[in-house]
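The structure appears below as structure tokens.
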Amino acid sequence: MTEDIGIEQKSLMQRLLQWREQHITDKQFTLLLSFVVGFLAAVAAFALHWIIHQIQILLTAGFDHTSINWLFLVYPIIGIYLTSLFVRHIVKDNISHGITRILYAIARKQSRIKQHNCWSSVIASAITIGFGGSVGAEAPIVLTGSAIGSNLGKLFHLDNHKLMVLVGCGASAAIAGIFKAPIAGLVFTLEVLMIDLTMASLLPILVASVTAVLFSYMFSGSDSLFHSAQMDSWTIERVPAYILLGVFGGIISLYFIRMMTACEGLFSRIGDKPYVKLAIGGIILSALIFLFPSLYGEGYSSINVLLDGKTEADWNKILNGSLFYGQGDLLIPYVGLVILTKVFATSATNGGGGCGGTFAPSLFLGAFGGFLFARVWNREGIGVYIPENNFAMLGMAAVMAGVMHAPLTGIFLIAELTGGYKLLIPLMIVSICAYLTIIIFEPHSIYGMRLAREGKLITHHTDRSVLTLMSLESIIDRHYMAVQPDMQLGTLVHALSRSKSDLLPVLDEAGNLLGEINLTKIRHIVFRTELYHHFTVAQLMTQPPATLGMNDPMEDVMRKFDKTDARRLPVLGTDGRLIGYISRTHMYAQYRQLVADFSAE
């Protein structure tokens, strides 16, 4: 009975696909799917933030902001523990580093993302952040939106190029839906995911972004995630302060990236010991939140305090619930310590077993960094007066531009989020300065640096992007006729007559490559029968001009072929055993095909 139902469903899907191919063009169908992706991404974003909000209300509703709250020592550990149980026993897959996983899927998985990513990151990050995990919900939602786009495309058997577009639709819709910022969603996909698309391909992404924003307004009203006091119009006298803030934001970004990388390395050395990671990460996170309650969750309420503040009493609300409460003269040290410790709280959350991204921490650090810069500037009388709340907003753009290597995303996201279009020029200045500062030290964003080191990152450089998309596995010829080193020339000639290649590998008993027999190099003796018993393979073999490894980036593979001018090169495993051969002709044929697909409308 079950088999009959399965056959009937398969037949129905086939008929649906046939009808679609006959009546709807590929472009029309991609636009239709982009609308669906935008709607589902908006639903996911609303659901995630609603769940986080409900958990936080349930846990912290009775807290007294005039004194310390001891439960901060407990909640984060519970959240990380519940998340790790969910991931280990239900998801049974690694769902951390959401945006990095999207980049990897585009580069190595033909934009195919696992089905569970359509929901698993939402649940895991909601638990983590709701209980106080000092991470962001944006990366999980971006992964969710991209997974929705990828799996819809797979369901309707779309090609790799359209799958990539739908992945971009999901990512842009997620950002647009969370922040109600359609332009930022579009720019994020182009800058951070580095999908080099034609104008025809941009339309589906724009449709998804606008759709997500419209449904987000329907679900949660017109309130923005961030709200700020009246924006002061920018003046030319403040330009030096804008430039210095951009450089300061770039330095904060560098600190955040370097410390995150170092902390991740320490947690990775622990290995597969979840309870050890939970103990270390949980203790660090709980202690930091207890000392600095601003680190609890995404920290958006603290950001709004800085953006909304007009008086000392307003800004001193940042000290609520901490040991610093009521001591406004310690506001600057408190803000500075929060900036320094945020990276450890974020690393401890993810390293201990939680799930979340670095998007919100970037905004958090930017707001606190911008406020600190302006407060010190004004207190020391360095130059003309600068409004602290405006500079908190500008700092958000600066650090985001630096951490993500995405100045346009920083500019448009903050402008759309806060309605601060009066400060569009200053937003451009701080974002560009922050980006120019960070690229001196880090050529890739926090999302792309891991893949870039392995040669698996798609970039806007078409040639490198195509090489990244190429799969070494798909062009290996594993069918070869091997010979042994003690084989005599007569037997070798017989083997050559049966081989389809003029290149035979010489292997030992363990399958290790010892050398090669190249027919063009022994052609002068293969027809002299009187020598058949005088030479062995070991005497006639030569070393290959180069060898390839299974994990070699395709850019290195191409370079070796160009350098040696070889027609075929052997591919060796990590143990030195021969896996197969790569043909220069076959490799360039696939390269040309991918260039054509990559450039297609």
Side-chain angles (χ1 to χ4, degrees), residues 27 29-49 95 97-125 136-197 201-216 219 355 357 359 404 406 409 413 447 458:
K27 285 186 178 180
F29 193 63
T30 302
L31 288 173
L32 178 62
L33 289 182
S34 67
F35 173 83
V36 177
V37 170
F39 167 72
L40 294 177
V43 171
F46 174 76
L48 175 55
H49 277 285
I95 57 175
H97 302 306
I99 295 177
T100 301
R101 293 192 172 279
I102 299 171
L103 292 170
Y104 181 77
I106 293 172
R108 280 290 184 267
K109 300 292 185 181
Q110 291 79 47
S111 301
R112 284 162 168 76
I113 303 175
K114 295 180 180 179
Q115 291 183 3
H116 72 74
N117 289 125
C118 295
W119 54 270
S120 56
S121 295
V122 171
I123 297 175
S125 59
E138 291 75 20
I141 280 296
V142 170
L143 177 59
T144 298
S146 296
I148 290 171
S150 175
N151 283 279
L152 273 177
K154 286 191 293 183
L155 179 64
F156 291 101
H157 301 172
L158 299 185
D159 59 43
N160 294 340
H161 181 73
K162 292 183 178 61
L163 274 183
M164 185 188 296
V165 173
L166 288 177
V167 166
C169 287
S172 63
I175 294 297
I178 290 173
F179 297 114
K180 296 175 182 174
I183 299 176
L186 173 66
V187 174
F188 172 85
T189 299
L190 300 181
E191 277 194 308
V192 178
L193 297 189
M194 291 177 285
I195 298 177
D196 213 2
L197 300 172
S201 300
L202 289 178
L203 185 56
I205 295 180
L206 188 58
V207 168
S209 297
V210 173
T211 301
V213 170
L214 293 177
F215 279 103
S216 293
F219 296 149
C355 177
F359 204 109
M404 300 184 185
T409 302
L413 178 63
Y447 302 126
I458 292 287

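With sequence neighbours excluded, the residues satisfying side chain to side chain contact (heavy atoms under 4.5 Å, CB included) with K154 are R112, S150, N151, L163.
Ring geometry, F46 versus F219: the interplanar angle falls from 30° to 60°, so the pair is classed tilted. The aromatic rings of F188 and F359 lie tilted to each other, with the angle between the two planes from 30° to 60°.
Taking CG from L152 and CG from L33, the interatomic distance works out to 6.0 Å, rounded to the nearest 0.5 Å. Within the model, atoms CG of L155 and CD of Q115 stand 9.0 Å from one another, a figure rounded to the nearest 0.5 Å. Here M164 contributes atom CE and D159 contributes atom CG; the two are 10.0 Å apart, rounded to the nearest 0.5 Å. Rounding to the nearest 0.5 Å places SG of C169 at 12.0 Å from CD1 of I148. Note that the CG atom of L203 and the NZ atom of K27 stand 9.5 Å from one another [nearest 0.5 Å].
Of all non-hydrogen atoms in T211 and F39, the two that sit nearest each other are CG2-N, 3.7 Å. The two residues S209 and L186 make their nearest non-hydrogen contact at OG-N, 3.9 Å. Residues S34 and V207 share a closest heavy-atom pair of OG-CG1, 3.4 Å. Looking at every heavy atom in both residues, I205 comes nearest to S172 through CG2-OG, 3.2 Å. The shortest heavy-atom contact between K114 and A147 is O-CB, 4.2 Å. The heavy-atom pair separating T30 from K162 by the smallest distance is OG1-CD, 3.8 Å.
Using a 4.5 Å heavy-atom threshold, the side chains of V142 and I178 count as separate. Between L48 and T144, every side-chain heavy-atom pair lies at or beyond the 4.5 Å cut-off.
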Could you walk me through whether V187 and I175 pass side-chain contact (heavy atoms from CB on, under 4.5 Å), step by step?
CA-CA 10 Å; V187 174; I175 294 297; over 6 Å; no

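Side chain of S121 to main chain of N117: no donor-acceptor pair is present (N/O by atom type, distance under 3.5 Å, no hydrogens or angles). Remark: the backbone N or O of G177 is paired with a side-chain donor or acceptor of S216 at under 3.5 angstrom.
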